Amino acid sequence: MPSTPRVRFAPAPSGWLHVGSVRTALFNWLHARANDGVAIFRIEDTDASRATEESMDSMHDAMAWLGLDWDEGVRAGGAYGPYRQSERKELHRAVARRLEEAGVLYRDERTAEELEAWRNERRAADLAPIVKRSTTPGPAGDDRTATLRLQLPEEGTITVTDLVRGDVTWDWSHESDPVLVRSNGDVTYPLANSVDDIAQGVTLVCRGEDLLSVTPRQVFLYDLLTRDGLIDDALAEVGLPAREPDWTRPTEFAHLSMIVGMDRKKLSKRHGSVSIQEFARKGFLPETIVNYLALLGWGPEDGRERLDRDELVAAFGFDRVSRSAAAFDTDKLTAFNGERIRDLDEDELADRLVPYLDGTYPPSNPDTEDDAPDHEGGPVADWEPLVSSPPSAEERATLRGLVPLVQERMQRLDEVQRYAPAFFVDELTLEPASVQKVLGKAGAADVLRAAHRELQALDDWTAEAIEGALRPLADELGIGFGKVAQPVRVAVTGSQVSPPLFESIELMPRQRVLDRIEAAIPVAEDAGAG
RNA sequence: GCUCCCGUCGUCCAGCGGCCUAGGACGCCGCCCUCUCAAGGCGGUAACGAGGGUUCAAAUCCCUUCGGGAGUACCA
């Protein structure tokens with residue numbers, strides 16, 4: 001028995017990590033951390049035509065952003081590398097050759113087209129297209145290329161114990177012999193994946209449910225590879241590190257259910273099937289993503305829902321992983337995010353808001369603004385950064401002052417873009433709707449004149465003093481304070497929705513406030529007249 | 001078609017034979033608070049897919065059925 005659990009996250013680098021794969025990575029990582037194990041990040045790029053360098057980099061970047069660290073992998077290194085499958089071809093071929101010599105592989109000379117035609121025939125006759133050696137045509141001619149298939153048992157059953165699903169049994173007669181070596185000599189996923197699991201000492205295979213059906217042949221292969229030291233001989237032959245001597249093969253499996261959209265269909269763009277980085281642009285905290293994804297298909301015994309990384313590690317176990325598919329609920333994610341933002345230290349929050357103000361993450365288009373992270377939104381065309389990069393001392397001070405005003409009214413970091421302009425730009429644009437609804441009301445211009453007068457005469461420029469100046473205006477003008485606050489708010493912030501008025505005014509230079517109120521008076525008169 | 005997996009509020013999770021007139025969270029609705037929007041507080045809405053068993057007793061065990069999903073590649 002191996003003393004240390006070893007798990008691997010092994011994505012194919014052909015695209016971007018989405019919530020499903022991140023959740024798989026997370027569960028692997030949690031299991032490793034919860035059991036003092038080793039987390040391996042392996043890249044399965046056996047299909048050169050689909051793998052890209054860009055994709056591989058973005059996957060590593062995503063992990064770094066999420067704070068999931070890997071003990072062994074392409075970036076981390078480790079004793080059982082290389083961790084890119086494409087760099088292990090020699091091993092895979094050596095294994096394939098030895099398997100062939102052992103007589104467990106056989107040639108299938110049919111072309112892809114011939115096989116396809118055969119499958120169609122079978123299906124037309126309501127028969128499962130199962131390839132078995134006994135029904136595979138013999139050699140047609142020496143010069144034909146062939147795939148090498150693994151000969152699986154013709155009958156009997158195999159039972160695999162899955163940590164989340166319990167015992168699952170398959171009948172060998174229903175299992176098709178998998179192609180291990182393509183006709184062009186390349187090895188396939190079934191071989192490479194199994195070989196690397198063994199060579200790297202993986203003890204638990206945790207992956208998506210879509211790979212459950214592949215488990216029988218994988219277990220069968222594990223046995224073949226380890227039985228007579230075949231893998232060890234191959235390892236030695238190509239000069240790769242030997243395995244732990246006391247270790248046999250992966251003994252545990254955990255197949256995670258799929259993540260679906262709120263419509264119960266396969267994850268769509270609307271429901272988060274985008275690169276995980278897109279969540280960063282949309283203003284989600286990495287710790288929110290980790291927390292929420294951990295709760296998709298799992299929950300701690302005590303029912304807590306807000307858990308940080310350490311708490312997740314302490315509570316995690318496959319025994320509490322759900323078997324049914326989970327719907328990705330952006331609303332709940334967003335609510336979680338809002339809570340975490342509120343929990344952030346104010347200085348910390350200020351730092352985290354900078355990328356949303358300096359142009360690193362420009363705003364999304366309004367039509368997708370209230371929806372899930374989505375590529376279709378794209379950046380807003382004419383948006384100008386509100387602070388320089390890096391921010392000046394003055395900008396930083398303003399931002400720091402703004403944080404307490406906006407912290408409790410944000411669910412996502414990018415929402416700062418809604419509140420910030422009034423505090424950073426010289427030329428304020430008044431929202432037409434607010435002008436009409438608020439400044440157009442009777443008496444708005446009078447309120448603004450009175451507010452201007454009082455604020456100009458003020459000695460202290462503090463929220464308390466500003467409140468002391470503005471509140472009495474309600475009685476003076478014989479109206480409710482709301483009728484006073486709203487016109488001033490629109491004049492000063494450009495919108496009928498803003499952070500608290502007195503604190504907002506305090507944060508701005510007095511002259512700027514007075515100028516804005518003054519400029520709004522004719523606007524109010526016009527709007528009122530119209 | 002065949003093989004396998006799954007089935008509790010709209011959604012996530014709890015429940016593992018009696019504590020369930022089914023609990024928590026998000027959402028939604030209402031109220032309170034209030035300078036707007038939030039935040040916060042309080043209350044409410046809403047589910048065991050169906051049918052048979054087993055049992056004194058079933059959301060919990062068994063069977064059937066219906067529904068959903070995955071796989072069925074010289075892709076991983």
Side-chain angles (χ1 to χ4, degrees), chain A residues 10-14 44-47 49-51 85 108 110-112 115-116 119 122-130 145-149 162 165 168-171 173-176 178-184 186 188-190 192-193 207-216 255 257-258 260 262 264-266 292 295-306 320 322-336 338-339 342 406-411 418-419 434 438 467 470-471 474 480-486 488-490 493 495-502:
Chain A
S14 61
E44 306 225 319
D45 55 347
T46 49
D47 186 354
S49 66
R50 294 168 31 127
Q85 218 158 45
D108 183 347
R110 287 172 291 184
T111 64
L115 269 168
E116 184 56 29
R119 280 193 200 94
R122 299 277 296 185
R123 274 196 264 261
D126 263 3
L127 293 166
I130 292 162
T145 59
T147 60
L148 257 32
R149 287 186 188 270
D162 188 286
R165 268 147 233 286
V168 184
T169 300
W170 290 266
D171 195 319
S173 66
H174 293 297
E175 296 298 310
S176 203
V179 169
L180 258 34
V181 182
R182 300 189 180 105
S183 53
N184 69 2
D186 287 347
T188 61
Y189 161 81
N193 182 68
R207 75 241 288 201
E209 188 189 10
D210 51 333
L211 290 168
L212 177 61
S213 62
V214 124
T215 307
H255 287 96
S257 63
M258 306 276 86
V260 297
M262 286 298 278
R264 286 270 130 197
K265 301 251 179 64
K266 201 154 73 183
Y292 178 73
L295 258 30
L296 259 196
W298 173 84
E301 196 168 1
D302 57 21
R304 279 175 302 161
E305 295 208 311
R306 315 309 134 107
R320 295 188 62 80
S322 164
R323 286 171 298 280
S324 50
F328 187 79
D329 185 351
T330 307
D331 282 344
K332 187 157 184 172
L333 206 222
T334 304
F336 270 40
E339 289 185 25
R342 270 167 255 136
V406 298
Q407 183 165 27
E408 70 183 23
R409 58 205 85 224
M410 283 197 302
Q411 302 224 88
R418 230 168 50 197
Y419 299 113
S434 297
V438 178
E467 176 166 12
L470 296 181
R471 262 201 203 281
F481 182 64
K483 292 270 196 300
V484 174
Q486 284 305 78
V488 177
R489 185 190 312 281
V490 172
T493 71
S495 169
Q496 56 191 322
V497 175
S498 84
L501 186 59
F502 314 128

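Within every chain, numbering begins at 1; the chains are lettered A, B, ... in the order of the sequence lines, protein sequences first and strands thereafter. When reading the values below, keep in mind they use all heavy atoms of this one structure, side chains included, and skip hydrogens, waters and symmetry mates. Nothing here was measured: the structure is a model prediction, and the numbers come from that model.
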Answer whether the closest heavy-atom distance between the side chains of [X] and [Y] falls below 4.5 Å.
X: Glu175(A); Y: Trp170(A); value: yes
X: His255(A); Y: Thr215(A); value: yes
X: Pro11(A); Y: Glu44(A); value: no
X: Arg342(A); Y: Arg409(A); value: no

Only pairs with both distances under 3.5 Å count, Watson-Crick or wobble alike; so what is the partner of [N] in this structure?
N: rG18(B); result: rC56(B)
N: rC28(B); result: rG44(B)
N: rA39(B); result: none
N: rC2(B); result: rG71(B)
N: rG49(B); result: rU65(B)
N: rG23(B); result: rC13(B)

Can you tell me, in whole Å, how much space there is between the [atom1] of [N] and that of [M]?
N: rG30(B); M: rC12(B); atom1: P; answer: 26 Å
N: rC28(B); M: rA22(B); atom1: P; answer: 24 Å
N: rG15(B); M: rU60(B); atom1: C1'; answer: 8 Å
N: rA58(B); M: rG40(B); atom1: C1'; answer: 41 Å
N: rG51(B); M: rA59(B); atom1: P; answer: 13 Å
N: rU54(B); M: rU64(B); atom1: C1'; answer: 15 Å
N: rA25(B); M: rG68(B); atom1: C1'; answer: 25 Å
N: rC48(B); M: rG7(B); atom1: P; answer: 16 Å

Any base atoms under 4.0 Å from [X], or only sugar-phosphate, or nothing? Heavy atoms, all strands.
X: Pro500(A); answer: base
X: Tyr292(A); answer: nothing
X: Gln496(A); answer: base
X: Ala12(A); answer: sugar-phosphate
X: Thr493(A); answer: nothing
X: Ser183(A); answer: base
X: Ala326(A); answer: sugar-phosphate
X: Gly338(A); answer: nothing

Any N or O donor-acceptor pair under 3.5 Å from the base of [N] to the side chain of [X]?
X: Arg323(A); N: rC6(B); result: no
X: Ser322(A); N: rC13(B); result: no
X: Arg409(A); N: rC37(B); result: yes
X: Glu209(A); N: rG71(B); result: no

Apply salt bridge (charged side-chain N to carboxylate O under 4.0 Å, His left out) to Glu209(A) and Arg165(A), showing your working.
-> CA-CA 10 Å; Glu209(A) 188 189 10; Arg165(A) 268 147 233 286; 3.5 Å; yes

Between [options], which nucleotide has the shortest distance from any of its atoms to the side chain of [X]?
X: Leu115(A); options: rG1(B), rC74(B), rC35(B); result: rC74(B)
X: Val168(A); options: rC6(B), rC12(B), rC5(B); result: rC5(B)
X: Asp210(A); options: rA25(B), rC35(B), rA70(B); result: rA70(B)
X: Thr111(A); options: rC26(B), rC74(B), rC6(B); result: rC74(B)
X: Asp329(A); options: rU11(B), rG27(B), rA73(B); result: rU11(B)
X: Val497(A); options: rA25(B), rG40(B), rU36(B); result: rU36(B)
X: His174(A); options: rC12(B), rU3(B), rU36(B); result: rU3(B)
X: Arg489(A); options: rC74(B), rU11(B), rU36(B); result: rU36(B)
X: Leu501(A); options: rC74(B), rC35(B), rC12(B); result: rC35(B)
X: Leu212(A); options: rC5(B), rG27(B), rC74(B); result: rC5(B)

Looking at [X], I'd like to know whether one of its side-chain N or O atoms comes within less than 4.0 Å of OP1 or OP2 on [N].
X: Arg123(A); N: rC2(B); answer: no
X: Arg342(A); N: rG40(B); answer: yes
X: Thr46(A); N: rA76(B); answer: yes
X: Arg320(A); N: rC12(B); answer: no
X: Arg306(A); N: rG24(B); answer: no
X: Arg149(A); N: rC74(B); answer: yes

Salt bridge check: are Arg110(A) and Glu116(A) linked by an N-O gap of less than 4.0 Å?
-> no

Any chance you could measure Thr493(A), atom OG1, to Tyr419(A), atom OH, to the nearest 0.5 Å?
-> 10.5 Å

How many angstroms lie between atom CG of Leu501(A) and atom CG of Leu470(A), to the nearest 0.5 angstrom?
-> 6.5 Å

What's the CD-C1' distance between Gln407(A) and rC37(B), to the nearest Å?
-> 16 Å

Please work out which of the three classes, parallel, tilted or perpendicular, describes the rings of Phe502(A) and Phe481(A), given edges at 30° and 60°.
-> tilted

